[in-house]
Amino acid sequence: MIATALLLAAAADPVAAVRVTFDRRGETSVSLKGLADVASSRPVTADDPVRIASISKLVVAIGVLRLVEQGRLDLDADVSRYLGWKLRNPAFPDAPISLRLLLSHRSSLTDRVDYALPLDADMRAVLQDPKAWDAGHAPGSWWAYTNFNFPVIAAVMERVTGERFDRLMDRLVIRPMKLDACYNWASCAPATAARAIVQYREGQPAKDDNRDAAPACPVTPAVDGSCDLSTWRPGRNGAIFSPQGGLRISARGLARVGRMFLGNGRLDGVRILRPSSVRLMETPLWTFDGHNGDIGGDISVAVPTGGATCGYGLAVMFTATGAPGCRDDPVGDGRRRFGHSGDAYGLKSGLWIDRAAGKGMVYFATDVPDVPGKRSAYTPVEESLARPE
């Protein structure tokens, strides 16, 4: 009986778990446990890239705001003017959709159609399907967490710059912040891809089982299986580089993103964002009031959020909101934090910044079972990793 209990406990442990805490000046602690790759017995490090899931959205917002600061994008303009075609919810054809609505999940788009599109997909045609939209709520009137918002944002960014999304993010964010990172694998060096952390789900590889080498195709292939990135056209398919969840970045790199916020837009002497842009990202645009969004049975996601997200801004989550029915404090100390969580392919991740204390934390774990936590809507593994800085 005791041996069985020990085996069950071991099975519940993540394959890998990494946590980095930081302040404005640098890292304050690093903790590591487990394997980046079970097959090769490679230990995990704080420099290994992992598909960080939805924290990718927050990093996209940094790129958007850099273009806003340059006067190339307007958060409140109808994005149709950038796309070159009209983006509309067919149930509300007169309601324009802006970057502010897309970034804050208030666009009325849903994930009831597949947003992980193949390389050769025509995103405009996909979005003409009425199933892609919430017919019951007009843009701006309802919060529904929707991954498909971010391929649309990526398409807007491509159309206004003429640059491929992964290369654009490399120019706007990744290189200025000195990050060894990329959206999907196309813009990462082969040596970086070879250090990928394999993501496991129920003991089986679920993503980035690269076998210590760069993947044969760095994106989702075309329908016929081909992988010719020269077919890319600006804005035709904003999903190619997975802006909603495909950022590969290390825990150490993600801590640099957090430090940029604590530096009010400056990182190691380099200005990334204006202080006004940082303040904008730290401002909630939606807070659950009991009837302005579905936080328990969201029509846009396969797994209900269960009260984990009750405050949201420009691709930024807010914790410990105190909103009705919410269990949105994985740390458990009641302190307000901002950042983002991630959940995909068995991975759970978090970037949380305590502005008042001037501290933050980054964590992720692979092969995390979806079981409820004791103090929040987050899992016990996340609650353990999200202990106070």
Side-chain angles (χ1 to χ4, degrees), residues 3-21 30-57 116 147 181 184-185 192-213 215 220 242 244-255 301-306 308-309 330-331 339-352 361-387:
T4 301
L6 289 172
L7 285 171
L8 288 172
D13 286 342
V15 170
V18 179
R19 171 184 154 99
V20 177
T21 63
V30 177
S31 60
L32 309 166
K33 183 179 180 181
L35 300 175
D37 186 346
V38 172
S40 64
S41 299
R42 176 164 53 93
V44 72
T45 79
D47 294 306
D48 295 334
V50 70
R51 187 184 187 278
I52 206 63
S54 285
I55 301 175
S56 306
K57 296 177 173 72
N147 285 290
N184 283 348
W185 289 112
T192 300
R195 300 197 321 272
I197 293 173
V198 182
Q199 293 179 224
Y200 296 91
R201 185 164 47 201
E202 298 180 353
Q204 299 300 314
K207 199 71 174 176
D208 287 351
D209 188 12
N210 290 351
R211 308 296 176 94
D212 298 327
T220 301
S242 190
Q244 74 283 348
L247 177 64
R248 270 62 172 195
I249 190 170
S250 68
R252 181 157 278 147
L254 201 56
V301 293
V303 180
T305 56
T309 305
V331 182
H340 216 287
S341 66
D343 178 359
Y345 301 105
L347 172 133
K348 306 286 187 181
S349 59
L351 164 61
W352 301 116
M361 70 178 83
V362 168
Y363 59 79
F364 67 81
T366 60
D367 204 358
V368 179
D370 280 311
V371 295
K374 293 181 178 179
R375 61 173 180 260
S376 72
Y378 292 78
T379 64
V381 169
E382 290 168 283
E383 290 180 343
S384 174
L385 290 169
R387 59 192 181 275

Colleague: State the CD1-CG distance between I55 and L351, to the nearest 0.5 angstrom.
Modeller: 5.5 Å
Colleague: Answer yes or no: is there a donor N or O on one side and an acceptor on the other, between the side chain of Q199 and the main chain of P205, under 3.5 Å?
Modeller: no
Colleague: Under a 3.5 Å threshold, yes or no: a donor from one side chain and an acceptor from the other, between S242 and Q244?
Modeller: yes
Colleague: Can you tell whether the side chains of D209 and K207 come within less than 4.0 Å, N to carboxylate O?
Modeller: no
Colleague: Would you mind reporting whether I249 and V50 have side-chain heavy atoms less than 4.5 Å apart?
Modeller: no
Colleague: Which heavy atom of S56 sits nearest to which heavy atom of G245, and what is that distance?
Modeller: OG-C, 3.2 Å
Colleague: Verify side-chain contact (heavy atoms from CB on, under 4.5 Å) between R201 and V368, making sure each step is shown before the conclusion.
Modeller: CA-CA 7 Å; R201 185 164 47 201; V368 179; over 6 Å; no
Colleague: Which pair of non-hydrogen atoms, one from S250 and one from A46, has the smallest distance, and what is that distance?
Modeller: CB-O, 3.3 Å
Colleague: Quick check on R387: does its CZ atom have over 12 non-hydrogen neighbours (other residues, nucleotides or ligands) under 6.0 Å away?
Modeller: yes
Colleague: Considering only NZ, NE, NH1 and NH2 on the basic side and carboxylate oxygens on the acidic side, decide whether R252 and D48 come within less than 4.0 Å.
Modeller: no
Colleague: Do Y363 and V20 have side chains that approach each other closer than 4.5 Å (heavy atoms only, starting at C-beta)?
Modeller: no
Colleague: Heavy atoms, side chains only, cut-off 4.5 Å: are V44 and I197 in contact?
Modeller: yes
Colleague: Any side-chain to backbone donor/acceptor pair from N210 onto D212? Under 3.5 Å, distance only.
Modeller: no
Colleague: Check for a donor-acceptor pair, side chain of E382 on one end and backbone N or O of V331 on the other, with a separation under 3.5 Å.
Modeller: no
Colleague: Has R195 got a side-chain atom pairing as donor or acceptor with D47's backbone, closer than 3.5 angstrom?
Modeller: yes
Colleague: May I ask you to test the T379-S384 pair for a side-chain heavy-atom distance under 4.5 Å?
Modeller: no
Colleague: Do V198 and V38 come within less than 4.5 Å of each other through their side chains, counting heavy atoms only?
Modeller: no
Colleague: What's the separation between atom OG1 in T45 and atom CG in L32, rounded to the nearest 0.5 Å?
Modeller: 7.0 Å
Colleague: Given 3.5 Å as the limit, does a donor-acceptor pair link the side chain of Y345 with the main chain of D367, or not?
Modeller: no
Colleague: Looking at V30, is its backbone amide N or carbonyl O close enough to the side chain of R19 to form a donor-acceptor pair, meaning the two atoms are under 3.5 Å apart?
Modeller: no
Colleague: On a heavy-atom basis, which atom in A251 and which in F364 lie closest, and how many Å separate them?
Modeller: CB-CE2, 3.9 Å
Colleague: Indicate yes or no: at least one non-hydrogen side-chain atom of W352 is less than 4.5 angstrom from one of P330.
Modeller: yes
Colleague: Check for a donor-acceptor pair, side chain of E383 on one end and backbone N or O of R375 on the other, with a separation under 3.5 Å.
Modeller: yes
Colleague: Kindly indicate whether the side chain of I52, heavy atoms from C-beta on, has any atom under 4.5 Å from the side chain of S349.
Modeller: yes
Colleague: In sequence, state the C-alpha distance, the side-chain angles, and the governing distance for N147 and S54, and then conclude on side-chain contact (heavy atoms from CB on, under 4.5 Å).
Modeller: CA-CA 8 Å; N147 285 290; S54 285; 4.1 Å; yes
Colleague: One thing to verify: whether D208 and R248 come together as a salt bridge, which I'm taking to mean a side-chain N less than 4.0 angstrom from a carboxylate O.
Modeller: yes
Colleague: Determine the minimum heavy-atom distance between A308 and Y378, stating which atoms define it.
Modeller: O-OH, 3.4 Å
Colleague: So do K348 and D370 actually touch side chain to side chain, heavy atoms under 4.5 Å?
Modeller: yes
